[in-house]
Amino acid sequence: MRILIAGAGIGGLSTALCCLALGHQVTILEQSPRLSEIGAGIQLPPNAMRVFDKLGLAGKLQQYSAKPAALTARMGISGRRLFRIPLEQGNAPRWHAPYLHIHRADYIQVLFNAVTQHTDAKLELATCVSSYKNLANGVSVSCTNARKYDADVLVAADGIHSNIRKQMHGRSNPHFSGNIAWRAVAPVEMLGANVPENNACVWMGKGRHAVTYRLRCGELANFVGVVEAERNTPQTESWSTQGERSEALEDFRGWHSCVTSILENAPQLHRWGLFDRAPLTGWTNQRVALLGDAAHPMLPFMAQGAAMAVEDAWQLAASLNTYPDSPAEALQCYAASRRQRCSKAQRQSSRNARIFHRKNAMSQTLQYLPLWIGGKLAPSLLARQFDWLYSYDITNNNA
Ligand code: FAD
């Protein structure tokens, strides 16, 4: 089949690789004149790594990543550890595939290099998809540079501000979730004694939390901090927005020095307003399907948005193979088999905000004491709550 993909982010490039692996022809249309990602890290969990293992890219991704030793939770101010779940049992990964932390630019580069090795792949940069039209035997796409493309199937991997979703469902009305996110990356050599451990660590506190981890084989420390903000203050949903260091430090005043030293030493700080969108009623329109953030944007409190896009990519390619003569049916099958899992991740992400941000001593004790006891007595039992997420193997889904 001839497959058009709008967007060369993690979702679009993964879709291209999954479709190319099954022998399809792929054209990716990307609005930016060059592929770039913001200077920040991303968690690459086992459920996504299973797909890359099947695509033969697991080794390449590991080469650029940091491999954390454990998932941990700490109190933001005292640093007191609530639990530690080791990511290896014996010498094997707990969830049977590696858990990695990678710089977004490295992630995109690995995927891009793999795509460009295929002779059946084309990437058109500076090409912004504006609309689509379903035809009797295909789909046609118009771009803002007046170019038109025809294909058998169009995949909208054009992110949270998706033009294709707007055409399919009308303008959505995202509402500010009441949280803003700070992002920062600092070289470890600048942090002295305050280098965060090589773990995925959530630091919890009143109305805010932070996540720290290492990148690039441990050379960089990554920070994501989420802070509750006035709901009626205007916010921007864009990574290009930079924030004031003094404001970030004020948001985490009195917090553990492993958290604040990254903010003090990062060359740049980015600030992003987190918006919620109501789940969509449908992800497909005949030969057009939404994927990744275009289909199921989620709050980042489970670090799963991109991982779900990677799972989507595998499922979409598999469904096209199941219904080679009926692309519209294939896309419906893809959407039906993904909706429940993605909705659960969306719901759980919103719930985590409440868990991480407990506001008073009583609710903190009720929430965190069982975590601490569980972490001391039975970390494996605590780990089981993540099984549905990390043990899931989309490459074995026969839907
Ligand atoms: P995008 O990455 O947004 O890519 C869309 C692409 O489409 C872009 O290249 C864009 O330029 C292009 N495009 C847009 N419009 C058009 C158009 N009209 N025509 C052509 N091209 C177009 N997820 C994780 O799995 N792990 C994490 O640790 C994690 N941490 C996060 C932390 C924060 C603070 C946030 C906000 C999110 C986090 N996420 C994480 C979520 C993750 O970043 C997203 O879910 C993921 O990047 C979505 O990928 P995508 O390919 O669907 O969209």
Side-chain angles (χ1 to χ4, degrees), residues 4-16 27-38 40-49 51 68 99-104 107-108 111-112 123-132 141-145 147 149 154-167 177 179-184 200 202 209-213 215 222-227 237-241 270-275 290-313 342 345-346 349 389-390:
L4 268 181
I5 299 172
I10 293 164
L13 291 171
S14 303
T15 305
T27 302
I28 310 176
L29 309 176
E30 166 58 46
Q31 66 178 2
S32 303
R34 61 181 183 287
L35 286 197
S36 60
E37 255 291 352
I38 56 146
I42 189 160
Q43 306 201 41
L44 216 176
N47 51 313
M49 280 304 288
V51 172
Y99 195 121
L100 303 180
H101 293 145
I102 187 165
H103 197 288
R104 283 174 184 253
Y107 195 172
I108 289 285
L111 302 188
F112 169 75
L123 173 64
E124 308 264 358
L125 295 171
T127 306
C128 176
V129 172
S130 51
S131 63
Y132 67 85
V141 162
S142 301
C143 300
T144 53
N145 57 9
R147 293 229 187 111
Y149 297 82
L154 167 65
V155 181
D158 50 348
I160 44 171
H161 300 295
S162 168
N163 276 351
I164 298 168
R165 186 187 58 218
K166 276 177 212 151
Q167 179 176 344
S177 69
N179 294 280
I180 60 105
W182 287 101
R183 307 216 64 167
V202 185
H209 79 276
V211 181
T212 54
Y213 50 85
L215 299 172
N222 188 76
F223 168 93
V224 182
V226 176
V227 182
E237 195 182 27
S238 160
W239 281 132
S240 51
T241 311
H270 290 272
R271 189 182 187 279
W272 163 293
L274 295 172
F275 283 67
L290 306 176
L291 179 142
D293 275 10
H296 45 72
M298 59 186 74
L299 293 171
F301 303 142
M302 280 209 316
Q304 277 287 328
M308 289 289 150
V310 174
E311 287 187 5
D312 290 350
C342 293
Q346 282 173 301
S349 294
L389 201 53
Y390 300 143

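Both ligands and their constituent atoms are indexed starting at 1 by order of listing. Worth knowing before you read on, the calculation uses all heavy atoms, side chains too, and leaves out hydrogens, waters and symmetry mates. By convention here, the first residue in the shown sequence is residue 1.
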Asks: Which of the atoms of ligand 1 are close to Ser32, meaning less than 4.0 Å from one of its heavy atoms?
Replies: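 Near Ser32, the atoms of ligand 1 are 11 (O).
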
Asks: Under 3.5 Å between some N or O of ligand 1 and some N or O of Ala303?
Replies: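 Between Ala303 and ligand 1, an N or O pair is found under 3.5 Å apart.
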
Asks: Tell me which one of Ala200, Gly11, Ala6 gets a heavy atom nearest to atom 49 (O) of ligand 1.
Replies: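 Nearest heavy atom to atom 49 (O) of ligand 1 lies in Gly11.
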
Asks: Taking all non-hydrogen atoms of both residues, which atom of Gly7 and which atom of Ile28 are closest, and how far apart?
Replies: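 The pair with the smallest heavy-atom distance is O-CG2, 3.7 Å.
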
Asks: Using a strict 4.0 Å cut-off to heavy atoms of Ala157, name the atoms of ligand 1 that fall inside it.
Replies: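 It comes down to these atoms of ligand 1: 5 (C), 6 (C), 7 (O).
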
Asks: Mind checking whether Leu274 has an N or O less than 3.5 Å away from an N or O of ligand 1?
Replies: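 So ligand 1 has no N or O lying under 3.5 Å from an N or O of Leu274.
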
Asks: What's the shortest heavy-atom distance between Ala157 and Ile5, and which atoms?
Replies: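 Scanning both residues, the minimum pair turns out to be CB-CG2, 4.2 Å.
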
Asks: In a check of side-chain contact (heavy atoms from CB on, under 4.5 Å) between Leu4 and each of Thr27, Val129, Val155, which one passes?
Replies: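 One option only clears the test, and that one is Thr27.
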
Asks: Could you list the atoms of ligand 1 found under 4.0 angstrom from a heavy atom of Pro300?
Replies: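 Selected atoms, number and element: 31 (C), 32 (C), 33 (C), 34 (C), 35 (C), 37 (C), 38 (C).
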
Asks: Would you check the N or O atoms of Glu30, main chain and side chain alike, for any that come under 3.5 Å of an N or O of ligand 1?
Replies: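 There is such a contact, yes.
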
Asks: Cut-off 3.5 Å, no hydrogens considered: what does the side-chain donor-acceptor table look like for residues 41-49, sequence neighbours left out?
Replies:
from, atom 1, to, atom 2, distance (Å)
Gln43, OE1, Tyr99, OH, 2.6
Gln43, OE1, His101, NE2, 3.4
Asn47, OD1, Gln304, NE2, 3.4
Asn47, ND2, Gln304, OE1, 3.0
Asn47, ND2, Glu311, OE2, 2.9

Asks: With heavy atoms of Gly292 as the reference, note each atom of ligand 1 found under 4.0 Å away.
Replies: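 Contacts of ligand 1 toward Gly292, numbered from 1: 52 (O).
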
Asks: Using a strict 4.0 Å cut-off to heavy atoms of Leu29, name the atoms of ligand 1 that fall inside it.
Replies: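 Here the atoms of ligand 1 in question are 20 (C), 21 (N).
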
Asks: Which ligand 1 atoms does Asp158 reach within 4.0 Å, using its non-hydrogen atoms?
Replies: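 That gives atoms 5 (C), 7 (O), 13 (N), 14 (C), 15 (N), 16 (C), 22 (C) of ligand 1.
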
Asks: Short list, please: which atoms of ligand 1 are under 4.0 Å from a heavy atom of Trp272?
Replies: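 Those of ligand 1 that fall under 4.0 Å from Trp272 are 36 (C).
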
Asks: Is the closest side-chain heavy-atom distance between Leu299 and Ser177 below 4.5 Å?
Replies: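 They are in contact (side-chain heavy atoms under 4.5 Å apart), so the answer is yes.
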
Asks: Below 4.0 Å, non-hydrogen atoms only: which portion of Gln304 touches ligand 1? Side chain, backbone, both or neither.
Replies: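 Answer for Gln304: backbone.
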
Asks: Quick check: Val129 and ligand 1, any N/O pair under 3.5 Å apart?
Replies: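 N/O-N/O distance under 3.5 Å: yes.
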
Asks: Looking only at distances, can you tell me whether any N or O atom of Asp293, backbone or side chain, sits closer than 3.5 Å to an N or O atom of ligand 1?
Replies: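 Yes, since at least one N or O of Asp293 sits under 3.5 Å from an N or O of ligand 1.
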
Asks: Answer with yes or no whether Thr127 contacts ligand 1, where contact means a heavy atom under 4.0 Å from a ligand atom.
Replies: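 So Thr127 counts as touching ligand 1.
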
Asks: Under 3.5 Å between some N or O of ligand 1 and some N or O of Ala306?
Replies: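 So ligand 1 has an N or O lying under 3.5 Å from an N or O of Ala306.
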
Asks: Quick one: ring-ring contact (aromatic ring centres under 6.0 Å, His included) partners of His296, sequence neighbours excluded?
Replies: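 His296 satisfies ring-ring contact (aromatic ring centres under 6.0 Å, His included) with Trp283 once adjacent residues are dropped.
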
Asks: Does Ser130 use its side chain to pair, donor to acceptor, with the backbone of Ser142 at less than 3.5 Å?
Replies: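 Confirmed, Ser130 side chain pairs with Ser142 backbone.
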
Asks: Which of the atoms in ligand 1, numbered in the order shown and given with their element, are less than 4.0 Å from a heavy-atom of Gly159?
Replies: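 Heavy-atom distances to Gly159 below 4.0 Å select 3 (O), 5 (C), 53 (O).
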
Asks: Checking the N or O distance criterion of under 3.5 Å, is ligand 1 in contact with Ala307?
Replies: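 Between Ala307 and ligand 1, an N or O pair is found under 3.5 Å apart.
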
Asks: Regarding ligand 1, does Arg104 bring an N or O atom to under 3.5 Å of one of the ligand's N or O atoms?
Replies: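 Yes, there is a polar N/O contact under 3.5 Å.
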
Asks: First locate atom CD1 of Ile164, then atom CG of Asp158, and finally report the distance between them rounded to the nearest 0.5 Å.
Replies: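 That separation rounds to 4.5 Å.
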
